[in-house]
K.L.:
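One structure follows; several queries about it will come next.
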Amino acid sequence: VTIPVGGYRFEDVRTSFTLGTQRKLAGTVAAQHGSFFGGNKTSVDLISGRLELTPQFSIEPGVSFNRVDLPNGDFTTKLATAWTTYTMSPWMFVSALLQYNSSRNSLGANVRFRWEYQPGSELFVVYNEQHDTLTPRFPELENRAVIVKINQLFRF
């Protein structure tokens with residue numbers, strides 16, 4: 001869908017309901033409707049939901065649906081995410097993000113290890129992978145990366 005060059009006015013209404021982070025199950029549910037590039041957009045989101053399975057292990061699912069109606073066409077996008085975090089100690093954790101994006105037809109994964117080996121100094125090891133979900137067989141690999149980052153705090 002193409003959007004013509006020009007000026008646009010955006011107005012919308014949003015409502016949300018939030019459960020506090022002190023609960024085992026927390027998060028926000030929201031709905032929004034308004035003008036969008038000369039048309040309308042309606043969104044429904046589960047934002048930053050959090051399920052604490054143990055004090056060290058949690059899952060944070062997120063889902064977003066957007067229905068866009070424009071003069072030149074209509075489309076719907078869906079984004080589904082799931083963060084998982086396992087904390088070994090106050091100085092070390094592993095987290096993983098799995099994400100599906102319908103507008104890019106992609107499935108992505110990001111796994112990150114963080115260790116603060118001394119105050120202000122950290123080691124990060126990150127693994128990223130992205131797949132195209134439109135291929136006829138198992139989603140085809142588009143890219144993959146391993147990143148290592150070390151920062152050291154020097155005190156004088």
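By convention here, the first residue in the shown sequence is residue 1.
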K.L.:
To the nearest 0.5 Å, how far apart are CZ in R144 and CG in N128?
P.N.:
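One finds 11.0 Å between CZ of R144 and CG of N128.
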K.L.:
Restricting to non-hydrogen atoms, name the atom on E52 and the atom on S58 that form the minimum distance, rounded to 0.1 Å.
P.N.:
CA-CB, 4.1 Å
K.L.:
In this structure, would L141 and Y100 fall into the same cluster of hydrophobic residues linked by side-chain contacts under 4.5 Å?
P.N.:
no
K.L.:
Is there a path from V44 to F17 through hydrophobic residues (I, L, V, M, F, W, Y) whose side chains come within less than 4.5 Å of each other?
P.N.:
no
K.L.:
If you apply the rule side chain to side chain donor-acceptor pair (under 3.5 Å), what do you find for T28 with T18, and how did you get there?
P.N.:
CA-CA 4 Å; T28 300; T18 301; 3.0 Å; yes
K.L.:
Taking the side chain as every heavy atom from C-beta outward, state whether R112 and N110 have any pair of such atoms under 4.5 Å apart.
P.N.:
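Yes, their side chains come closer than 4.5 Å.
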K.L.:
Does any non-hydrogen side-chain atom of M88 lie less than 4.5 Å from one of F113?
P.N.:
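F113 vs M88: side chains touch.
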K.L.:
Do V111 and F124 belong to the same hydrophobic cluster, where Ile, Leu, Val, Met, Phe, Trp and Tyr are linked whenever their side-chain heavy atoms lie under 4.5 Å apart, directly or via other members?
P.N.:
no
K.L.:
Check for a donor-acceptor pair, side chain of T76 on one end and backbone N or O of R67 on the other, with a separation under 3.5 Å.
P.N.:
no
K.L.:
Evaluate the side-chain contact (heavy atoms from CB on, under 4.5 Å) criterion for residues K41 and T77: first the C-alpha distance (whole Å), next the side-chain angles of each, then the deciding distance (0.1 Å), finally the verdict.
P.N.:
CA-CA 11 Å; K41 181 174 103 170; T77 66; over 6 Å; no
K.L.:
Between Y8 and F36, does the ring centroid distance fall short of 6.0 Å?
P.N.:
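Not under 6.0 Å, so no.
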K.L.:
Grab the two heavy atoms, one from T2 and one from N72, that are nearest each other, plus how far apart they are.
P.N.:
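Here T2 and N72 meet closest at O-ND2, 3.2 Å.
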K.L.:
Would you check if the side chain of T87 reaches a backbone N or O of F93 as a donor-acceptor pair within less than 3.5 Å?
P.N.:
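Checked: no pair found.
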K.L.:
Establish whether L51 and Y86 are linked, either directly or via other cluster members, by ILVMFWY side-chain heavy-atom contacts under 4.5 Å.
P.N.:
yes
K.L.:
When rounded to the nearest 0.5 angstrom, what distance separates CG in L97 from CH2 in W83?
P.N.:
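The CH2 atom of W83 is 5.0 Å from CG of L97, to the nearest 0.5 Å.
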K.L.:
In Å and rounded to the nearest 0.5 Å, what is the OG to CG distance from S106 to D132?
P.N.:
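Spacing of OG (S106) from CG (D132) equals 8.0 Å.
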K.L.:
Measuring from atom OG1 of T84 to atom CG of L98, what distance do you get when rounded to the nearest 0.5 angstrom?
P.N.:
9.0 Å
K.L.:
Is the shortest heavy-atom distance from the side chain of Y117 to the side chain of W91 under 4.5 Å?
P.N.:
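They are not in contact (no side-chain heavy atoms under 4.5 Å apart), so the answer is no.
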K.L.:
Is the shortest side-chain heavy-atom distance between T42 and N40 below 4.5 Å?
P.N.:
no
K.L.:
Less than 4.5 Å apart, any side-chain heavy atom of I59 and any of L53?
P.N.:
yes
K.L.:
Is L79 reachable from V29 through a run of hydrophobic residues whose side-chain heavy atoms are each under 4.5 Å from the next?
P.N.:
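They do not share one cluster, since no chain of ILVMFWY contacts under 4.5 Å joins V29 to L79.
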K.L.:
Is there a side-chain contact between E122 and K149 in this structure, where contact means two heavy atoms from C-beta onward sitting under 4.5 Å apart?
P.N.:
no
K.L.:
Please report the interatomic distance CZ(F37) to CG(D69), rounded to the nearest 0.5 Å.
P.N.:
15.0 Å
K.L.:
Tell me the closest heavy-atom pair linking R155 and P119, and the distance in Å.
P.N.:
NH2-O, 3.9 Å
K.L.:
Quick one: are V63 and F65 in side-chain contact, heavy atoms under 4.5 Å?
P.N.:
yes
K.L.:
Is the closest side-chain heavy-atom distance between V125 and W115 below 4.5 Å?
P.N.:
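Of all side-chain heavy-atom pairs linking W115 with V125, none is under 4.5 Å.
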K.L.:
Would T81 and Q99 count as a side chain to side chain donor-acceptor pair (under 3.5 Å) here? Give the steps.
P.N.:
CA-CA 4 Å; T81 60; Q99 178 174 290; 5.6 Å; no
K.L.:
Any idea which heavy atoms bring T85 and S95 closest together, and the distance?
P.N.:
OG1-CB, 3.8 Å
K.L.:
State the CG-NZ distance between N101 and K78, to the nearest 0.5 angstrom.
P.N.:
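Spacing of CG (N101) from NZ (K78) equals 10.0 Å.
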K.L.:
More than 12 non-hydrogen atoms from neighbouring residues, nucleotides or ligands closer than 6.0 Å to CZ on R114, yes or no?
P.N.:
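Yes, the 6.0 Å shell around CZ holds more than 12 heavy atoms from other groups.
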